[in-house]
Protein chains: 2
Amino acid sequence: MVFLCYVCSMGVTRTEIFTEQQNRIADLAKAFSHPARVAILQLLIARKACVCGDLVDELELAQATVSQHLKELKRIGIIQGEINPPRVCYCINPAVWEEARRAFGSILESFEGVTCCN
Amino acid sequence: MVFLCYVCSMGVTRTEIFTEQQNRIADLAKAFSHPARVAILQLLIARKACVCGDLVDELELAQATVSQHLKELKRIGIIQGEINPPRVCYCINPAVWEEARRAFGSILESFEGVTCCN
DNA sequence: AATACTTATCGCAATATTGCGATATGGTAT
DNA sequence: ATACCATATCGCAATATTGCGATAAGTATT
């Protein structure tokens, strides 16, 4: 007798069983969950001007790799790119940054410091 | 003529080229970068008492899967487990939670809202 | 010792992520 | 048109993550 899993999604995150909020927080956290992306975000903030391919020089990563991290940050929405040929000017998306600030602030402040095991 | 990559680390995050701080932020962000872990953290906060295997009932995930997420959260240090046979009582680690609050607060507040492309 | 209970770990399958060389793309300048 | 420049995308290799059934490990109870 063989039982098949009702929806064979092996190894894939089961987003459908979580709330919108939980999925969004997880997505926003992905922006910060790789040191290269942290570095990119810090650079974009430090030079208020949006360094573009200069990122490739600053980081010791191949251009393709940097481009891919930028793509992921764009997918999340936390940065935006303005085409300014032949360059692309990247910068923080203020609205999504604010969303992240609220989201992380909300969850991080919700812990009052009370635990049972201490 | 063939050039070999000086350190053939294909597909592995190059932590050595980033700062301690950047790597730590990335690691702390991993605690929040999966909806199941967000849900677990929220549950641990909501019931100040540390629900243990109750997490398995609350979440629609197999016990093994929940256990693995707990292990990851423990590795990061943001939760701690107190063995209370036959159960294990999990709760937020206040010190590391505070570290996360500072770390995310620091980077999230460092953006002043100024961008070049808007 | 045997049983019951909870949690951790193993092993596997599948998908996701990371990194990068090579190449394509979209635009300017000559 | 051609050459050039910066960036995006492709394709590959390798590692990491996710999910879960099965099993092991640890302890309390009988």
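Protein chains get the first letters and strands the later ones, always in sequence-line order, with residue 1 at the start of each.
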Q. Considering only C:dA14, C:dT28, D:dA13, which nucleotide approaches the side chain of B:Met10 most closely?
A. D:dA13
Q) For C:dT17, does OP1 or OP2 lie under 4.0 Å from any side-chain N or O of A:His69? A)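 Checking A:His69 against C:dT17: no side-chain N or O falls below 4.0 Å of OP1 or OP2.
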(Q) Return whichever of A:Ala62 or A:Thr13 has its heavy-atom-nearest nucleotide of DNA chain C closer to the 5' end. (A) A:Thr13
Q. Toward the 5' end of DNA chain C, which comes first, A:Arg75 or A:Pro85, by nearest nucleotide?
A.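 The answer here is A:Arg75.
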Q. Taking atom CD of B:Gln22 and atom CG of A:Leu41, what is their separation to the nearest 0.5 Å?
A. 10.0 Å
Q. Nearest 0.5 Å, what's the CG-CD distance between A:Asp27 and A:Glu20?
A. 11.0 Å
(Q) Donor-acceptor check, side chain of B:Ser67 to backbone of B:Ala64, threshold 3.5 angstrom: yes or no? (A)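 Checking the backbone N and O of B:Ala64 against the side chain of B:Ser67, no donor-acceptor pair under 3.5 Å is found.
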Q) Does the B:Ser33 side chain pair with the main chain of B:Lys30, one donor and one acceptor, at a distance under 3.5 Å? A) yes
Nucleotide [N], atom [atom2] - distance to [atom1] of [X] in whole Å:
X       : N      : atom1 : atom2 : value
B:Arg14 : C:dT17 : CZ    : C1'   : 16 Å
B:Ile79 : C:dT7  : CD1   : C1'   : 13 Å
A:Leu73 : C:dT18 : CG    : P     : 10 Å
B:Leu61 : D:dG21 : CG    : C1'   : 14 Å

Q: Check step by step if side chain to side chain contact (heavy atoms under 4.5 Å, CB included) holds for B:Glu99 and B:Arg24.
A: CA-CA 10 Å; B:Glu99 183 195 357; B:Arg24 182 57 177 158; 2.8 Å; yes
Side-chain contact test, heavy atoms from C-beta onward, threshold under 4.5 Å: evaluate it for [X] versus [Y] and give yes or no.
X       : Y       : answer
A:Val88 : A:Leu70 : no
B:Ile78 : B:Phe32 : yes
A:Leu59 : A:Leu43 : yes

Q.
Could you work out, with side chain to side chain donor-acceptor pair (under 3.5 Å) as the rule, every residue matching B:Glu58, not counting sequence neighbours?
A. B:Arg47
Q.
So if I take residues 34-42 of chain A and measure heavy-atom distances to DNA chain C, which residues fall below 4.0 Å?
A. A:His34, A:Arg37
Q. Using a heavy-atom distance cut-off of less than 4.0 Å, which residues of residues 21-33 of chain B contact DNA chain C?
A.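 Contacts with DNA chain C under 4.0 Å: none.
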(Q) On DNA chain D, compare the nucleotides closest to B:Val12 and A:Gly11; which residue's is nearer the 5' end? (A) B:Val12
Q) NA contact type, B:Ile83, heavy-atom cut-off 4.0 Å: base, sugar-phosphate, or nothing? A)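 Counting heavy atoms under 4.0 Å across all strands, no contact is made by B:Ile83.
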Q: Could you pull out all residues at least two apart from A:Phe111 that satisfy ring pair (Phe, Tyr, Trp, His ring centres under 6.0 Å)?
A: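 With neighbours one apart ignored, the set is B:Trp97.
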Q: Could you list the residues that satisfy salt bridge (charged side-chain N to carboxylate O under 4.0 Å, His left out) with B:Arg101, not counting sequence neighbours?
A: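 Once residues adjacent in sequence are excluded, the partners of B:Arg101 under the salt bridge (charged side-chain N to carboxylate O under 4.0 Å, His left out) criterion are A:Glu109, B:Glu98.
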Every protein N/O within reach of nucleotides 6-9 of chain D N/O, cut-off under 3.5 Å:
unit_1	atom_1	unit_2	atom_2	d
D:dA6	O4'	A:Pro86	O	3.4
D:dT7	OP1	A:Gly53	N	3.0
D:dT7	OP2	A:Gly53	N	3.4
D:dA8	OP1	A:Tyr90	OH	2.2
D:dA8	OP2	A:Ser67	OG	3.0
D:dA8	N7	A:Gln63	NE2	2.9
D:dA8	N6	A:Gln63	OE1	2.9

